[in-house]
Amino acid sequence: MRNFILFFAFFLASCGYVPTSKVANTLFDDKIYVNVELNLQDPKNSIFVADTLREMISSKLGKQLALKHEASDIINVKMNNLEFIPLIYDKNGYVVKYKARLSLDFNVLFKDGTSESFSTRGSYNFDISPNSIISDNIRTNAIKNASSEAFDEFISVLAIKGNKNVKYQ
């Protein structure tokens with residue numbers, strides 16, 4: 001087992017593997033402004049998305065949220081679509097499992113004046129009791145998890161595109 005771990009570590013080091021989070025950290029400066037455009041048809045859920053994305057900037061990237069005039073980089077986010085799709089029905093025809101699917105549009109304005117636009121998707125599967133509705137707590141949790149997945153995809157796509165232009169330390 002120890003030989004396998006050593007081999008795996010050597011393999012990752014020799015092939016030039018760099019974690020996505022490290023690449024993303026080199027793409028952004030320390031202060032980021034996040035602007036989430038509220039969806040007029042679904043303003044309550046837009047706020048959950050905004051809160052989750054701001055939390056992800058701090059926790060996953062380790063960057064500070066800043067006011068627009070203080071920030072080096074600006075991330076504009078628009079919630080396109082949020083849907084709850086029934087996945088599994090019980091023997092009586094009641095839905096017992098749903099999928100929350102969220103699509104987001106990101107537009108990033110970097111300090112150097114360049115911009116990038118991406119569309120991402122996140123999803124989250126969850127169970128409910130037969131013959132019940134999706135409660136606010138379950139709905140909030142599903143939106144947060146789907147937002148987190150969409151943000152992870154955004155960072156991955158951004159890191160891959162930026163990989164050609166970034167030198168690692």
Side-chain angles (χ1 to χ4, degrees), residues 7-85 98-126 138-169:
F7 171 76
F8 188 70
F10 175 74
F11 175 75
L12 287 179
S14 65
C15 72
Y17 171 76
V18 178
T20 304
S21 60
K22 183 172 181 175
V23 175
N25 280 334
T26 61
L27 294 173
F28 292 112
D29 280 345
D30 285 334
K31 293 186 178 183
I32 299 174
Y33 174 73
V34 179
N35 176 43
V36 179
E37 185 180 316
L38 292 180
N39 185 329
L40 297 177
Q41 298 166 338
D42 199 0
K44 183 177 178 182
N45 292 328
S46 297
I47 293 170
F48 295 142
V49 171
D51 290 344
T52 302
L53 294 177
R54 289 182 179 112
E55 181 183 316
M56 295 294 114
I57 294 287
S58 298
S59 65
K60 290 190 177 182
L61 296 182
K63 303 296 182 185
Q64 292 179 356
L65 294 172
L67 298 173
K68 191 171 188 175
H69 67 277
E70 297 173 340
S72 303
D73 303 307
I74 298 172
I75 301 175
N76 294 302
V77 185
K78 179 182 176 189
M79 186 174 91
N80 274 336
N81 190 25
L82 172 65
E83 57 187 341
F84 290 88
I85 304 164
Y98 278 96
K99 174 184 279 202
R101 189 170 18 185
L102 173 70
S103 62
L104 301 174
D105 285 340
F106 289 88
N107 181 285
V108 184
L109 302 170
F110 294 101
K111 179 171 89 174
D112 64 2
T114 61
S115 68
E116 291 281 345
S117 294
F118 309 101
S119 292
T120 64
R121 272 196 158 161
S123 62
Y124 179 71
N125 298 340
F126 60 95
I138 293 172
R139 183 178 183 88
T140 302
N141 188 42
I143 292 168
K144 285 183 177 184
N145 283 295
S147 298
S148 179
E149 187 176 291
F151 181 79
D152 289 344
E153 183 180 328
F154 160 70
I155 293 300
S156 296
V157 170
L158 189 63
I160 290 168
K161 284 191 167 224
N163 190 18
K164 298 172 188 166
N165 303 325
V166 176
K167 294 190 179 186
Y168 306 106
Q169 299 171 342

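Keep in mind that what you see is a predicted model, and the values were worked out from it rather than measured.
Note: His69 NE2 to Ile74 CD1 = 11.5 Å, rounded to the nearest 0.5 Å. Here the OG-CG distance, from Ser72 to Leu109, works out to 12.5 Å after rounding to the nearest 0.5 Å. Rounding to the nearest 0.5 angstrom, the gap separating the CD1 atom in Ile155 from the CG atom in Asp152 is 8.0 Å. With rounding to the nearest 0.5 angstrom, the CG atom of Asn76 is 7.5 Å from the OH atom of Tyr33. Put simply, CE on Met56 and CD on Glu149 are 12.0 Å apart, with the number rounded to the nearest 0.5 Å. Of the inter-residue distances, the one linking Asn45 atom CG with Leu82 atom CG reads 5.5 Å to the nearest 0.5 angstrom.
Not counting sequence neighbours, the partners of Thr120 by the side-chain contact (heavy atoms from CB on, under 4.5 Å) test are Leu104, Phe106, Ala150, Glu153, Phe154. Under the side-chain contact (heavy atoms from CB on, under 4.5 Å) criterion, Asn39 pairs with Gln41, Asp42, Ser46, Met79, sequence neighbours left out. For the salt bridge (charged side-chain N to carboxylate O under 4.0 Å, His left out) test, residues two or more places apart in sequence or in another chain that qualify with Lys44 are Asp136. Annotation: side chain to side chain donor-acceptor pair (under 3.5 Å) contacts of Asn81 (sequence neighbours excluded): none. Taking Leu65 as the reference, Val34, Arg54, Ile57, Ser58 meet the side-chain contact (heavy atoms from CB on, under 4.5 Å) condition, with sequence neighbours excluded. With sequence neighbours excluded, no residue satisfies salt bridge (charged side-chain N to carboxylate O under 4.0 Å, His left out) with Glu55. Listed by chain and number, the residues in a side chain to side chain donor-acceptor pair (under 3.5 Å) with Asp51 amount to none (sequence neighbours excluded). With sequence neighbours left out, Arg139 forms a salt bridge (charged side-chain N to carboxylate O under 4.0 Å, His left out) with no residue at all. With sequence neighbours left out, Glu83 forms a salt bridge (charged side-chain N to carboxylate O under 4.0 Å, His left out) with Arg101. Asp30 pairs by the side-chain contact (heavy atoms from CB on, under 4.5 Å) definition with Lys63, not counting sequence neighbours.
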Task: Evaluation steps, side chain to side chain contact (heavy atoms under 4.5 Å, CB included), between Phe126 and Ile138 - done: CA-CA 8 Å; Phe126 60 95; Ile138 293 172; 3.3 Å; yes

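Among Val36, Asn107, Val108, the single residue meeting the side-chain contact (heavy atoms from CB on, under 4.5 Å) criterion with Val77 is Val36.
Two residues are said to be in side-chain contact when any heavy atoms from C-beta on lie closer than 4.5 Å; Phe28 and Ile75 meet this criterion. Here the side chains of Leu61 and Phe151 are in contact, with some heavy-atom distance below 4.5 Å.
Here the side chain of Ser148 pairs no donor or acceptor atom with the backbone of Lys144 at under 3.5 angstrom.
Taking each heavy atom of Ala100 and Phe84 in turn, the nearest pair found is CB-CE2, 3.6 Å.
Listed by first then second residue, pairs satisfying salt bridge (charged side-chain N to carboxylate O under 4.0 Å, His left out) with a partner in residues 102-114 read Asp29-Lys111, not counting sequence neighbours. Listed by first and then second residue, the salt bridge (charged side-chain N to carboxylate O under 4.0 Å, His left out) pairs involving residues 69-81 amount to none (not counting sequence neighbours).
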